[in-house]
Amino acid sequence: MNNKKPHDPLYPKGFEKTRQLRENLPKPKPKDDELTLLKKFNHKLGIYLNPSDTNITENEKKRKIGIIITILILLTLIISSYYFLIYEPTQKELSLEKTAKLNELHELYSGALTTSPNAMILENKIENGKSIAELEMINIIGPATKDWKSYHQKSIKTNIDKYNRTMAVYSNESKNVIMSQNEAIELVNENDAHILSKIQFEKPNTVSVPILISRLQAGAGLVNVGSVVDIYTNLNNTEEEIDLNKTSPDISGCTVLSIMRYEENGEIDSEYSKSNTIVSGNNTNPHENTKKFSSNVLEMIKGSIMKGYSEKETLQMLKDYGVKLSNYERQINLGDLDAQYMLLIETPQDKVSYMINNMDNIILTIPTTNAPDWMINEINSTYQYEENYY
């Protein structure tokens, strides 16, 4: 059977045989100088990457492998030294500095200013800090002080009572201080964020508490109506209860509204006697000058009220009798140490139970910042004497 394909009139005769002959002819090899630069580079690169495909000796192979291993070891040592000696300590120190800065930020921007826009900005700056020098340049106390002053000045105006007072509540000392609006503003203006971040101003919620205490507890009897006192509590019944680190009062800024002594302190029975004897020969002439005074202060007041005598003159005469009496006792260093006092003290409402339950142990003290005139004079005279003496 004839399998020969029919001849294509469009395909020239003998073309297929010519093509096959061309393919079987040997092709000439290119010369070295005909290689392009790129081919030369690929050739040399192939020697290092595929040494088995090139004509190199075994010693050359070992030498190249040794060089590669040595370079890798040196690079590893350099990188490791940089990491452990420079990079890691620097990053650790940077992390500690960031933590310290964040702690300072959260301490100063606390409470009402926790979500302050400035707090967010400062926190982002700290988190994005690239070096310790950059972190040290971030100022927190400045903007925090400015923000707290602005906040407190607004808070004071919205937290004053009808007597134009406000109450400063110290979060870190658990004490309340009642003060005028001007004193509160002065307090804010004179302090920075370290103090201002621990204060909140509230509207005073106070009550008057009557307490019966001894002269020792009542500031030696020298407190006056209107005196601002701090209250400490003497509860050191056992050594375990003694807190040597406690320096702040239990209640601060209390106002003394009234003072009463026992009625016996108003009973007066005094006698002044001066005698003189003149002897002339057998004649003796004794002479004695005696003055007596007996009264009852409370009964005098009762009599004046009942129109027995001038109420106006009596009240004027007995004005501040108890305070004057205590003051004179101080000056002559002689007084009734067993005197008892009934005081009416203005105190925050949440301290009432504390005052009543600890009545026998409380001590009223007079801060020198609110000292009466006699105390100021005594302090001034003491230090002036020391200056003149030296």
Side-chain angles (χ1 to χ4, degrees), residues 90-206 228 230 245-255 346-351 367-370:
T90 303
Q91 290 301 309
K92 186 176 181 180
E93 191 174 352
L94 182 63
S95 178
L96 291 175
E97 184 67 20
K98 283 186 178 182
T99 302
K101 277 289 184 180
L102 288 173
N103 289 339
E104 181 185 1
L105 175 68
H106 296 153
E107 180 182 357
L108 298 181
Y109 277 93
S110 59
L113 296 188
T114 302
T115 57
S116 168
N118 281 339
M120 302 297 182
I121 293 172
L122 289 169
E123 186 169 357
N124 288 334
K125 284 185 177 180
I126 295 171
E127 293 288 356
N128 296 327
K130 303 299 182 182
S131 65
I132 294 177
E134 184 180 345
L135 292 175
E136 290 176 347
M137 291 178 64
I138 299 176
N139 181 15
I140 298 177
I141 186 67
T145 298
K146 184 178 179 180
D147 288 344
W148 273 117
K149 286 184 177 181
S150 175
Y151 171 80
H152 282 317
Q153 286 167 357
K154 295 177 183 177
S155 177
I156 289 170
K157 293 179 180 179
T158 58
N159 287 286
I160 57 174
D161 61 10
K162 62 181 181 179
Y163 308 110
N164 199 35
R165 302 177 308 172
T166 187
M167 183 169 66
V169 180
Y170 290 77
S171 59
N172 59 332
E173 298 181 14
S174 300
K175 72 174 183 179
N176 304 331
V177 181
I178 300 172
M179 61 185 71
S180 67
Q181 181 179 0
N182 291 336
E183 289 175 329
I185 293 175
E186 185 179 355
L187 173 67
V188 170
N189 290 335
E190 290 180 352
N191 288 280
D192 60 19
H194 290 295
I195 301 296
L196 300 179
S197 62
K198 297 176 176 60
I199 301 177
Q200 289 295 323
F201 289 95
E202 299 177 1
K203 185 175 293 187
N205 182 16
T206 62
V228 177
D230 291 341
N245 295 322
K246 184 177 181 180
T247 58
S248 60
D250 296 293
I251 310 174
S252 181
C254 298
T255 305
E346 183 191 25
T347 187
Q349 188 174 33
D350 59 349
K351 300 291 185 179
T368 53
T369 52
N370 297 309

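Please read these numbers as outputs of a predicted model, since none were measured by experiment. Reckoned from all heavy atoms, side chains included, excluding hydrogens, waters and symmetry mates.
- Of the inter-residue distances, the one linking Leu113 atom CG with Leu196 atom CG reads 10.0 Å to the nearest 0.5 angstrom.
- Distance check: Leu102 CG to Glu97 CD gives 10.0 Å after rounding to the nearest 0.5 Å.
- Within the structure, every pair that satisfies the salt bridge (Lys or Arg N to Asp or Glu O under 4.0 Å) test and touches residues 106-121, not counting sequence neighbours, is listed here: Glu107-Lys198.
- Residues passing the side chain to side chain donor-acceptor pair (under 3.5 Å) test with Thr347: none are found, sequence neighbours excluded.
- Heavy-atom minimum distance, Ile126 versus Leu135: O-CD2, 3.6 Å.
- Residues that satisfy the side chain to side chain donor-acceptor pair (under 3.5 Å) test with Asn118, not counting sequence neighbours, are Asp147.
- Listed for the Ser150 side chain is no donor-acceptor partner under 3.5 Å among the backbone atoms of Lys146.
- Here the closest heavy-atom approach between residue Ala119 and residue Leu105 is recorded as O-CD2, 3.8 Å.
- For the pair Trp148 (side chain) and Asn191 (backbone), a donor-acceptor distance under 3.5 Å is absent.
- With sequence neighbours excluded, the residues that form a ring pair (Phe, Tyr, Trp, His ring centres under 6.0 Å) with Phe201 are His152.
- Evaluation of the salt bridge (Lys or Arg N to Asp or Glu O under 4.0 Å) test over residues 120-134, restricted to residues two or more places apart or in two chains, returns none.
- Evaluation of the side-chain hydrogen bond (donor to acceptor under 3.5 Å, both in side chains) test over residues 153-166, restricted to residues two or more places apart or in two chains, returns Gln153-Asn189, Ser155-Asn159, Asp161-Arg165, Arg165-Glu346.
- Minimum interatomic distance between Asp230 and Gly253 (heavy atoms only, all atoms of both residues): OD1-N, 3.1 Å.
- Nearest approach of Thr145 to Ala193, heavy atoms of both residues: OG1-N, 3.0 Å.
- With rounding to the nearest 0.5 Å, the separation of CE in Met120 from CG in Leu122 is 11.0 Å.
- Of the inter-residue distances, the one linking Ile141 atom CD1 with His194 atom NE2 reads 3.5 Å to the nearest 0.5 angstrom.
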| field | Step-by-step side chain to side chain contact (heavy atoms under 4.5 Å, CB included) determination, Thr206 to Ile178 | value | CA-CA 9 Å; Thr206 62; Ile178 300 172; 3.3 Å; yes
